[in-house]
Protein chains: 2
Amino acid sequence: MAEPGGPVRDPETVSRFVEHFAAQLVEAGLPRMPARVFAALLASDTGVLTSAELGEQLKISPAAVSGAVRYLAQQHMVSREREPGSRRERYRVHGDQWYEALTNREAVIRRWEDALREGVTSLGADTPAGRRLAETLAFFEFVEKEVQTMMERWRAYREERFGRG
Amino acid sequence: MAEPGGPVRDPETVSRFVEHFAAQLVEAGLPRMPARVFAALLASDTGVLTSAELGEQLKISPAAVSGAVRYLAQQHMVSREREPGSRRERYRVHGDQWYEALTNREAVIRRWEDALREGVTSLGADTPAGRRLAETLAFFEFVEKEVQTMMERWRAYREERFGRG
DNA sequence: CCTTAACTTCACAAAATTCTGAAAGAAGCG
DNA sequence: CGCTTCTTTCAGAATTTTGTGAAGTTAAGG
């Protein structure tokens with residue numbers, strides 16, 4: 001399908017997917033612009049786009065691209081690369097990297113756990129509320145461990161099914 | 001510690017925990033009022049509070065309580081009970097129920113999967129972008145299955161460690 | 001160095017969200 | 001049936017978030 005000289009990718013088809021998938025991400029809590037930029041990268045053939053390409057494709061200002069990309073980089077969902085010998089920056093979705101980011105709410109969970117531990121102590125480990133908090137804490141600790149092993153299983157499964165990315 | 005006649009719970013200590021934990025939830029994406037209401041329920045001794053109690057404790061209007069509770073109930077994070085023979089409604093965090101809710105982003109994931117499937121088709125399963133989308137789709141399908149078995153392991157572990165809730 | 005291309009930061013306008021008071025709506029109880 | 005108590009809905013004020021244009025910053029290329 002992909003011809004040598006020119007891509008057959010219909011921009012409108014791509015855009016339809018990008019906006020639709022971005023909308024789902026937004027619904028799940030991601031801010032709008034980061035969601036759109038991320039979807040655009042996912043739907044690109046190389047997985048790499050420049051700031052200009054993103055701005056043009058999504059019809060947004062350079063400032064918006066900048067903000068969205070900063071957000072995504074902080075969440076480790078994309079990485080930024082300097083194109084050698086050029087002022088252009090390139091943004092990339094790297095398969096593995098972003099699965100990990102999705103499940104690596106580690107920092108967030110860690111803070112939940114801290115807050116819960118403090119709650120158990122201050123409310124009293126021997127009170128009903130304290131016991132409820134302790135159980136909740138145990139749940140998060142459990143999940144944290146499980147997610148790690150789950151990702152190991154995923155990597156194995158992925159390699160078997162798709163080969164090395 | 002909990003005496004028969006009157007609770008020793010220091011309201012200020014409780015409030016400190018409630019606001020702190022709620023703040024973490026907000027940071028993770030939960031709207032403010034639902035987060036505060038939920039934290040208050042978690043920190044209550046019985047796990048049940050009336051609308052009036054919530055309003056008083058959090059210093060918010062009945063309208064705010066109503067909105068927050070509707071949100072939480074939709075997310076299956078609390079359940080509402082009618083106190084028999086009274087106009088009062090009671091809201092409850094039920095241990096199991098809300099762990100499940102946390103991991104049951106099922107509906108959300110389902111929609112992601114749908115969008116991705118459509119993307120694979122419309123961009124072409126044999127294009128680089130299509131392959132990337134297909135792999136992403138595989139990841140979610142994998143996670144969906146894994147989370148289910150993880151929750152089974154949690155229930156087993158929980159029962160062993162805490163006994164029947 | 002100076003020019004120029006590319007990205008970033010900042011202040012502000014626009015848009016969306018959030019919470020409240022007020023009014024309306026249910027449901028028990030006499 | 002009407003009174004009373006509790007909850008929900010609604011319109012609007014206040015706050016927050018978002019995206020832009022414009023100025024500022026960095027670094028390549030002459």
Side-chain angles (χ1 to χ4, degrees), chain A residues 15 18-19 22-41 44 46 48-75 77-93, chain B residues 15 18-19 22-41 44 46 48-75 77-93:
Chain A
S15 175
V18 166
E19 297 305 332
Q24 306 307 320
L25 295 175
V26 166
E27 202 162 327
L30 212 64
R32 176 178 308 276
M33 287 292 146
R36 297 180 68 208
V37 165
F38 185 73
L41 280 168
S44 71
T46 58
V48 178
L49 292 174
T50 67
S51 180
E53 289 167 332
L54 284 167
E56 190 194 356
Q57 190 183 326
L58 300 174
K59 299 274 191 292
I60 57 180
S61 70
V65 175
S66 175
V69 157
R70 178 175 16 156
Y71 179 96
L72 292 170
Q74 271 171 0
Q75 309 293 319
M77 291 175 70
V78 309
S79 50
R80 3 178 39 151
E81 313 176 342
R82 214 349 135 338
E83 191 172 332
S86 160
R87 280 140 261 176
R88 279 212 189 93
E89 202 130 6
R90 311 192 312 171
Y91 309 109
R92 146 169 288 147
V93 270
Chain B
S15 175
V18 167
E19 297 304 332
Q24 307 306 322
L25 294 175
V26 167
E27 202 161 327
L30 213 66
R32 176 175 309 275
M33 286 294 146
R36 297 179 68 206
V37 165
F38 185 73
L41 280 167
S44 71
T46 58
V48 178
L49 292 173
T50 66
S51 179
E53 288 167 332
L54 284 167
E56 190 194 357
Q57 189 181 328
L58 300 174
K59 300 277 192 291
I60 57 181
S61 69
V65 175
S66 175
V69 156
R70 179 177 12 154
Y71 179 96
L72 291 170
Q74 271 170 359
Q75 309 294 319
M77 292 175 68
V78 310
S79 51
R80 2 180 39 153
E81 312 177 342
R82 200 19 106 346
E83 191 171 334
S86 161
R87 281 138 262 175
R88 280 213 189 91
E89 201 129 6
R90 312 191 312 170
Y91 308 109
R92 146 169 287 146
V93 270

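Chain A is the first sequence line, chain B the second, and so forth, proteins listed ahead of strands; every chain is numbered from 1. All values below come from the heavy atoms of this structure, side chains included, with hydrogens, waters and symmetry mates left out.
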Inset, instruction - Look at atom CZ of R90(B) and say whether more than 12 heavy atoms of other residues, nucleotides or ligands are closer to it than 6.0 Å. - result: yes
What is the separation between atom [atom1] on [X] and atom [atom2] on [N], rounded to the nearest whole Å?
X	N	atom1	atom2	answer
Q74(A)	dT8(C)	CD	C1'	14 Å
E81(B)	dC6(D)	CD	P	18 Å
E53(A)	dC7(C)	CD	P	10 Å
E89(A)	dT25(D)	CD	P	18 Å
L72(A)	dT8(C)	CG	P	13 Å
R87(B)	dT4(D)	CZ	P	11 Å

Inset, instruction - Report yes if a side-chain nitrogen or oxygen of S61(B) is closer than 4.0 Å to either non-bridging phosphate oxygen (OP1 or OP2) of dC19(C); otherwise report no. - result: no
Legend entry - Phosphate OP1/OP2 of dC7(C) contacted by R90(A) side-chain N/O (<4.0 Å): no
Report which part of the nucleic acid [X] touches: base, sugar-phosphate, or nothing (heavy-atom distance under 4.0 Å, all strands).
X	result
G67(B)	nothing
S66(A)	base
Y71(B)	nothing
R82(A)	nothing

[X] side, atom [atom1]; [Y] side, atom [atom2] - distance, nearest 0.5 Å:
X	Y	atom1	atom2	result
L30(B)	F38(B)	CG	CZ	8.5 Å
E53(A)	L41(A)	CD	CG	9.5 Å
Q57(B)	R36(B)	CD	CZ	9.5 Å

Legend entry - Member of L49(A), V48(A), T46(A) meeting the side chain to side chain contact (heavy atoms under 4.5 Å, CB included) criterion with R92(A):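 That would be V48(A).
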Legend entry - Under 3.5 Å: donor-acceptor pair, side chain of R88(B), backbone of T50(B):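 No, because the side chain of R88(B) does not come within donor-acceptor range (under 3.5 Å) of the backbone of T50(B).
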Inset, instruction - Could you say whether R88(A) or A63(A) is positioned toward the 5' end of DNA chain C, judged by the nucleotide with the nearest heavy atom to each? - result: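 Its nucleotide being nearer the 5' end, the pick is R88(A).
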Inset, instruction - With the side chain counted from C-beta on, respond yes when L72(B) and V93(B) share a heavy-atom pair under 4.5 Å apart, and no when they do not. - result: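 No, too far: nothing below the 4.5 Å cut-off.
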Legend entry - Close approaches to DNA chain D from residues 31-40 of chain A, in residue order (heavy atom, under 4.0 Å):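 Of all residues in residues 31-40 of chain A, the ones placing a heavy atom under 4.0 Å from DNA chain D are R32(A), M33(A).
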